[in-house]
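In what follows, a single structure is set out as structure tokens and then discussed.
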Amino acid sequence: MASDTLETTLTSIHEMTPRVKQFILEAGDHTFSYQPGQHVVIKFEQNGDVVGRPYTPVNLPGTGALALGIKRYEDGTASTWMHDRSVGEEITITKPSGNLHLRDLDRDVVSAGPARRDQV
């Protein structure tokens, strides 16, 4: 295992909507430390190639679990792969990284989402 990756175990899957699932990953006694907004990259092999896709954790940092909310796209390589996983499977991820995170708690923050409910 490369030093920038973690071997995690998929410990829980929760269907949030018909196309969105929450996946809980744990890595032994590892504590996931990151700044909200940073991401991990899920890595897996498909057709002999290593595939990687970034996802932003949806839970608070500082715990032994990492929660990812992933919407399934029919033509999405990683989203369909993740939606086909089962509890107990091993998932390789990178350690959290990225510079898109909240830097100043004293400034206004804007969050945007889908304009319509049917886009979720």
Side-chain angles (χ1 to χ4, degrees):
M1 173 173 72
S3 63
D4 65 336
T5 61
L6 291 169
E7 294 300 324
T8 65
T9 301
L10 180 56
T11 59
S12 175
I13 301 171
H14 174 71
E15 185 173 309
M16 300 171 73
T17 73
R19 293 185 347 196
V20 178
K21 291 182 180 178
Q22 180 185 60
F23 299 91
I24 305 296
L25 304 174
E26 297 181 22
D29 61 355
H30 180 79
T31 298
F32 291 96
S33 298
Y34 54 90
Q35 295 183 31
Q38 290 187 308
H39 66 274
V40 298
V41 176
I42 293 174
K43 293 187 171 193
F44 59 96
E45 264 194 52
Q46 189 172 61
N47 301 324
D49 295 323
V50 175
V51 177
R53 295 291 188 276
Y55 291 97
T56 300
V58 296
N59 62 317
L60 292 173
T63 70
L66 190 75
L68 302 174
I70 300 177
K71 181 178 180 178
R72 181 184 185 125
Y73 292 94
E74 291 309 314
D75 61 347
T77 302
S79 69
T80 55
W81 185 84
M82 278 301 291
H83 276 247
D84 290 341
R85 300 304 94 203
S86 300
V87 169
E89 289 191 51
E90 298 293 314
I91 309 289
T92 301
I93 64 170
T94 62
K95 293 179 181 176
S97 64
N99 60 8
L100 180 61
H101 54 83
L102 185 60
R103 290 179 178 82
D104 186 349
L105 295 174
D106 295 326
R107 294 185 59 179
D108 292 334
V109 177
V110 175
S111 177
R116 299 185 332 241
R117 269 201 140 150
D118 63 339
Q119 292 176 326
V120 176

Quiz item: Given the rule that I, L, V, M, F, W and Y join up when any side-chain heavy atoms are under 4.5 Å apart, are Val41 and Val51 in one cluster?
Solution: no
Any side-chain heavy atom of [X] sitting closer than 4.5 Å to one from [Y]?
X     : Y     : answer
Lys95 : Val40 : no
Ile91 : Ile42 : yes
Thr5  : Ile93 : no

Nearest 0.5 Å, what's the [atom1]-[atom2] distance between [X] and [Y]?
X     : Y     : atom1 : atom2 : result
Thr17 : Gln22 : OG1   : CD    : 12.0 Å
Thr31 : Asp29 : OG1   : CG    : 7.5 Å
Leu10 : Glu90 : CG    : CD    : 9.5 Å

Practice problem: Sequence neighbours left out, what pairs pass side chain to side chain donor-acceptor pair (under 3.5 Å) with at least one residue falling in residues 42-53? | Solution: none
Sequence neighbours excluded and cut-off under 3.5 Å, please list the side-chain donor-acceptor pairs for residues 55-70, or say none.
{"residue": "Asn59", "atom": "OD1", "partner": "Tyr34", "partner atom": "OH", "Å": "3.2"}
{"residue": "Asn59", "atom": "OD1", "partner": "Ala67", "partner atom": "N", "Å": "2.9"}
{"residue": "Asn59", "atom": "ND2", "partner": "Ala65", "partner atom": "O", "Å": "3.0"}
{"residue": "Thr63", "atom": "OG1", "partner": "Ala65", "partner atom": "N", "Å": "3.3"}
{"residue": "Thr63", "atom": "OG1", "partner": "Ala65", "partner atom": "O", "Å": "2.9"}

Quiz item: Can you name the nearest heavy-atom pair linking Phe32 to Leu25, along with the distance?
Solution: CE1-O, 3.9 Å
Quiz item: At their closest point, which heavy atom of His83 faces which heavy atom of Lys21, and how far apart are they?
Solution: O-NZ, 3.3 Å
Quiz item: Residues in side chain to side chain donor-acceptor pair (under 3.5 Å) with Ser33, at least two apart?
Solution: none
Quiz item: Taking only residues two or more places apart in sequence or in another chain, which ones pass side-chain contact (heavy atoms from CB on, under 4.5 Å) with Thr11?
Solution: Thr9, Ile24, Glu26
Practice problem: Not counting sequence neighbours, list each pair that qualifies as a salt bridge (Lys or Arg N to Asp or Glu O under 4.0 Å) and has a residue in residues 72-82. | Solution: Arg72-Glu74, Arg72-Asp84
Exercise. Would you please name every residue forming a ring pair (Phe, Tyr, Trp, His ring centres under 6.0 Å) with His14, sequence neighbours left out?
Key: none
Practice problem: Sort out for me which residue in Tyr73, Phe23, Phe44 forms a ring pair (Phe, Tyr, Trp, His ring centres under 6.0 Å) with Trp81. | Solution: Phe44
